[in-house]
Amino acid sequence: MSAVSQPLVLSSYRRFQLMRFTVEEINNSTDILPNVPLGYEIFDECTDTGTFPGPFDLISVNGLIKPSGEQLNNSHKVIAVVGTYTSPQAQTIAPVFMMDFIPMVSYGASSSIFSRKNNFPSFLRTVHPNQDVIHAVVGIVQHFNWSWVSFLYIDDAYGRDGLDWFRKEIEDTEICLAYAKGLDHHTDYQPILRQINVLKVNVIIVFAPEWTAEDLIDSVIQLNTTNNNKVWIAVDAWSLNKKIRDKIKGKKTIGTVLGVAEPQLTIPGFKEFIHAFKAQDHFENEEEERFCNQNCNCSSVSAEEIIQADPSFSFPVYAAVYAVAHALHKILQCESGSCNDSIRVSPQMM
């Protein structure tokens, strides 16, 4: 099956490097998992639905995947999974890991469906669910006594869940949802923006990932008819995106942009890790590149570009890796600088 080449998403590459940093930090620590090195494999989730080769490899035993209800003699090569980033990706692949109660700790999947423990018994996350984000957004709208709003959302499981929660949150309030529209890669934004102007809606909530928000803002700039009375409310998926911030800087026709974001915490040692990493000579692995539709010439990305990229969901990545490490630390009965290496760890124990 042919794949469409896609550009490198710098914020995702930053999160990838942060996961590497976190594992190395744990492996160099004497306080957690002393003398027990963590190993890992990282897979690029190229599309929401094209995610299966990597996870299937993780749960296979000698190239075989056990049918539900059957047992294979050997254990899986993986005891926990960190990821995935988006809700559609997680919803696609999580059932594969749930069959054997393999812990899946997501740092970005915020749809409320993952709170259903009957369906996702070993799914955990280090981010707020959509309900909390929407509650914050509605709080902003109520604080300024805005009552006539529109809601633009990515047309997938994440976005539709956000819209559902927004409708629930504004029940019994003075807020009226004047216009709602789902967005995707093929959306023509010009008619949407014109309709918002016709309806005289000045408050626009954009519940979408950074790449969708970027396309929307580009269209707003191109249309060049938006007055500065418009207020755009960004959710945590794009509120700290530097590329979008640079686009709207100085553009008076955009109006005001407010955002909801996770608290940003400095992770000591990460900058030094990136500078040391970029100081080394790196060569692209052409064999691995064939298996992904992402066009990634990572050698051209500077250390400062990585460090200054959108930091959203960085600490959730850090916390997710540490959550796995602390669970393993407890299972192996680690204390006084050593662990019980006679314990055979299974995903179910994690």
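Counting from 1, the numbers follow the sequence of the chain as shown. Because the structure is predicted, anything quoted here is derived from the model rather than measured. Because only heavy atoms are used, hydrogens play no part in the values below, and waters and symmetry mates are left out as well, while side chains stay in.
Residues Y158 and T86 form no side-chain contact, since every pair of their non-hydrogen atoms from C-beta on lies 4.5 Å or further apart. Contact of the I267 side chain with the F21 side chain is registered, since non-hydrogen atoms from C-beta on lie closer than 4.5 Å. L10 places none of its side-chain heavy atoms less than 4.5 Å from the side chain of D310. Two residues are said to be in side-chain contact when any heavy atoms from C-beta on lie closer than 4.5 Å; L33 and C334 meet this criterion. Side chains of K168 and I134 form no contact here, defined as non-hydrogen atoms less than 4.5 Å apart. Put simply, the side chain of R14 does not reach to within 4.5 Å of the side chain of I274, judged on heavy atoms. Proximity of Y179 to I196: side-chain heavy atoms (C-beta onward) are separated by under 4.5 Å at one or more points. Contact of the S342 side chain with the Q333 side chain is not registered, since no non-hydrogen atoms from C-beta on lie closer than 4.5 Å.
At distances below 3.5 Å, not a single donor-acceptor pair connects side-chain atoms of Q308 with backbone N or O atoms of I306. Of the possible polar contacts, one joining the S122 side chain to the I102 backbone as a donor-acceptor pair under 3.5 Å is found. Judged by distance alone, the side chain of S29 and the main-chain N or O of D31 form a donor-acceptor pair under 3.5 Å. A donor-acceptor pair under 3.5 Å is absent between the side-chain atoms of S219 and the main chain of Q190, judged by distance alone. In this structure, D161 contributes its side chain and S112 its backbone to a donor-acceptor pair below 3.5 Å. Without hydrogens or angle criteria, N35 side chain to S338 main chain gives no donor-acceptor distance under 3.5 Å. K278 contributes a side-chain N or O that, together with a main-chain N or O of V301, makes up a donor-acceptor pair within less than 3.5 Å. T84 places a side-chain N or O within 3.5 Å of a backbone atom of A90 that can act as its donor or acceptor partner. No side-chain donor-acceptor contact under 3.5 Å links W238 to the backbone of I244.
Residue I175 is tested with V203, N145, I170 for a side-chain contact (heavy atoms from CB on, under 4.5 Å); the sole match is I170.
At least one cation-pi condition fails for R15 and Y107: the charged atom is not both under 6.0 angstrom from the six-membered ring centre and inside a 45 degree cone around its axis.
Shown here for V201 and K230, the closest heavy-atom pair between the two residues is O-CE, 3.1 Å. Between F123 and S106, the shortest heavy-atom distance links the atoms CZ-CB, 3.6 Å.
D184 and T187 share a donor-acceptor pair across their side chains, judged by distance under 3.5 Å alone. No hydrogens or angles considered: a donor-acceptor pair under 3.5 Å links the side chains of E210 and S11. A side-chain donor from one of E25 and Y318 sits under 3.5 Å from a side-chain acceptor of the other.
F101 and I93 sit in two unconnected hydrophobic clusters of ILVMFWY residues. Membership requires side-chain heavy atoms under 4.5 Å apart, directly or through other members.
Classified by interplanar angle (parallel below 30°, tilted 30° to 60°, perpendicular above 60°), the ring pair Y85/F313 is perpendicular. Using cut-offs of 30° and 60° on the angle between ring planes, the pair F273 and F277 is parallel.
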